[in-house]
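What follows is one structure encoded as structure tokens, with my remarks underneath.
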Amino acid sequence: MEILAHRIPEVLPAAMSVAGCRHHFPLLRQWVNGKPLVYLDNAATSQKPQVVIDAMMRYYESENSNIHRGVHTLSEKATQAYESVRGKVAHFLNAASEREIIFVRGTTEAINLVAFSYGRKALGPGDEVLISALEHHSNIVPWQIACEERGAKLRVVPMDDRGELIQEEYAKLLTSRTKLVALTHVSNALGTVNPVREMIAEAHRHGIPVLIDGAQGVPHMPVDVRALDADFYAFSAHKMFGPTGVGILYGKAELLESMPPYQGGGDMIKSVTFEKTTYSDLPHKFEAGTPNIGGGIGLGAAIDYLNALDMKAVMAHEHDLLVYATEQLGGIEAVRIIGTAPRKAGVISFVMEGIHPHDIGTILDAEGIAIRTGHHCAQPVMQRYGLPATARVSFAFYNTKEEVDALVKGLHRVKEVLG
Ligand code: C6P
């Protein structure tokens with residue numbers, strides 16, 4: 001399958017197969033426990049292509065300097081390199097303006113920013129924030145804290161046994177008390193892809209803004225915030241082939257303008273006296289202190305890399321892997337797949353009769369296969385199924401059917417040892 005659509009000058013060849021793309025990721029060449037690494041934990045964090053590693057190295061080797069502060073050449077170079085990423089992100093998301101792009105530490109910080117800034121302004125006693133049964137803790141706990149502080153209530157859209165949100169219940173839960181809806185684009189625990197475009201439109205019919213947790217969306221599908229009409233969209237660079245410690249909050253300018261700062265400090269001010277501070281304009285109002293400059297530059301390189309991929313081919317390949325792995329795992333006696341929604345991204349959660357998920361993970365690790373086991377920071381999802389934990393495999397476009405075969409072999413080994 002041809003996956004690379006465009007040429008990144010001097011960096012990537014024109015059109016590459018999946019196998020070709022794997023060579024861009026040095027870590028995938030590793031052997032673990034005497035076996036070639038099979039990396040199936042991409043929902044936790046993806047691997048990084050050489051171009052991302054090189055971009056960050058280049059920054060630290062030849063441009064390292066603080067930004068927005070110095071008149072010296074290095075500072076100007078670093079500022080230019082960092083700020084150009086804001087433009088890339090805006091273009092990548094089809095945002096209306098760079099002013100709508102806020103650099104943060106990751107999805108978690110992006111949601112906290114909205115919960116504490118927008119939440120503090122918009123929530124009062126008796127108001128409600130509506131989330132869903134599929135949320136990661138990052139899209140639950142900040143809202144719980146904000147609601148507690150403001151005397152508001154957290155409401156939850158329920159899901160069915162397949163792991164799909166029940167749309168009739170969603171419609172009923174949208175009322176004049178609802179001040180914000182916060183939904184995940186793709187469930188990290190089950191892989192369900194939520195119909196966020198329709199759910200945003202429904203909320204907007206009631207005049208309610210919507211935040212989308214895009215941590216598991218952006219790496220696997222094209223995201224157009226204006227087509228979605230999302231009011232806020234949050235994601236982390238490290239799940240989309242970029243570095244850890246940097247992420248993005250997209251917000252519609254008029255909403256961001258109306259919100260108070262989230263943190264105070266350098267770079268977010270116009271003037272400070274002991275009596276009064278005036279704040280910077282967007283986006284800097286929300287960016288206090290020295291940011292993760294090298295990380296931002298790495299994110300820019302990751303976006304260049306993603307832009308060079310044919311996202312339709314990526315989606316088709318990941319879907320093939322999902323279908324193939326679902327069939328193969330379904331053929332193993334004792335395996336039960338948790339989360340069977342018709343629209344799923346490349347995530348499969350499963351349990352094995354009588355075997356603890358951590359033991360599955362440990363035996364697979366001995367075979368060089370990396371998966372995640374536990375509650376996946378989504379304890380309410382586990383509670384919904386009456387489970388303490390699941391084993392989870394999650395794909396990126398560089399994974400192959402041979403790796404699925406290795407997983408299946410590994411699971412037979414698990415049965416042999418513990419079944
Ligand atoms: N999920 C997983 O293994 P941070 O940690 O801020 O980059 O992302 C938090 C987050 C928020 N929402 C969703 C849907 C997520 O999947 C995650 C991170 C990882 O599933 C680590 S818990």
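Both ligands and their constituent atoms are indexed starting at 1 by order of listing.
Residue-level proximity to ligand 1 for A44 is carried by backbone and side chain together, each with a heavy atom below 4.0 angstrom. The proximity of H238 to ligand 1, defined as any non-hydrogen pair under 4.0 Å, is limited to the side chain.
Residue contacts with ligand 1: R392 is placed with a nitrogen or oxygen under 3.5 Å of a nitrogen or oxygen of the ligand (distance criterion only).
Partner of R86 under the salt bridge (Lys or Arg N to Asp or Glu O under 4.0 Å) criterion, chosen from E287, E98, E100: E287.
Heavy-atom proximity to A43, at under 4.0 Å, picks out these atoms of ligand 1: 2 (C), 3 (O), 19 (C), 20 (O). Ligand 1 places these atoms under 4.0 Å from at least one heavy atom of S236: 4 (P), 6 (O), 7 (O), 8 (O). The distance from ligand 1 to the heavy atoms of T184 drops below 4.0 Å at these ligand atoms: 14 (C). Set against the non-hydrogen atoms of C377, the atoms of ligand 1 under 4.0 Å away are 22 (S).
Scanning all protein heavy atoms for the shortest distance to atom 6 (O) of ligand 1 gives T108 OG1, 2.5 Å. The closest protein non-hydrogen atom to atom 1 (N) of ligand 1 is K239 NZ, 3.0 Å. Protein heavy atom at the shortest distance from atom 16 (O) of ligand 1 is Q216 NE2, 2.7 Å. Counting protein heavy atoms only, atom 15 (C) of ligand 1 is closest to H136 CD2, 3.4 Å. Ranking the protein heavy atoms by distance from atom 21 (C) of ligand 1 puts R372 NH1, 3.4 Å first.
Judged purely by distance below 3.5 Å, without hydrogens or angles, the side chains of D213 and H136 never pair a donor atom with an acceptor atom. Side-chain contact check for H24 and Y398: no donor-acceptor pair (N or O, by modelled atom type) lies under 3.5 Å.
Here the closest non-hydrogen pair linking A325 and F395 is CB-CZ, 3.7 Å.
With a 4.5 Å cut-off on side-chain heavy atoms, F397 and L321 do not count as touching. Counting heavy atoms from C-beta on, the side chains of N194 and Y170 never come closer than 4.5 Å.
A donor-acceptor contact shorter than 3.5 Å is absent between the side chain of S117 and the backbone of P261.
Relative to atom 12 (N) of ligand 1, the option among V186, N139, D213, N42 with the closest non-hydrogen atom is D213.
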Checklist entry - What do the steps show when you test D41 against R392 for side chain to side chain contact (heavy atoms under 4.5 Å, CB included), and what is the final call? => result CA-CA 8 Å; D41 194 17; R392 181 192 72 182; 3.4 Å; yes
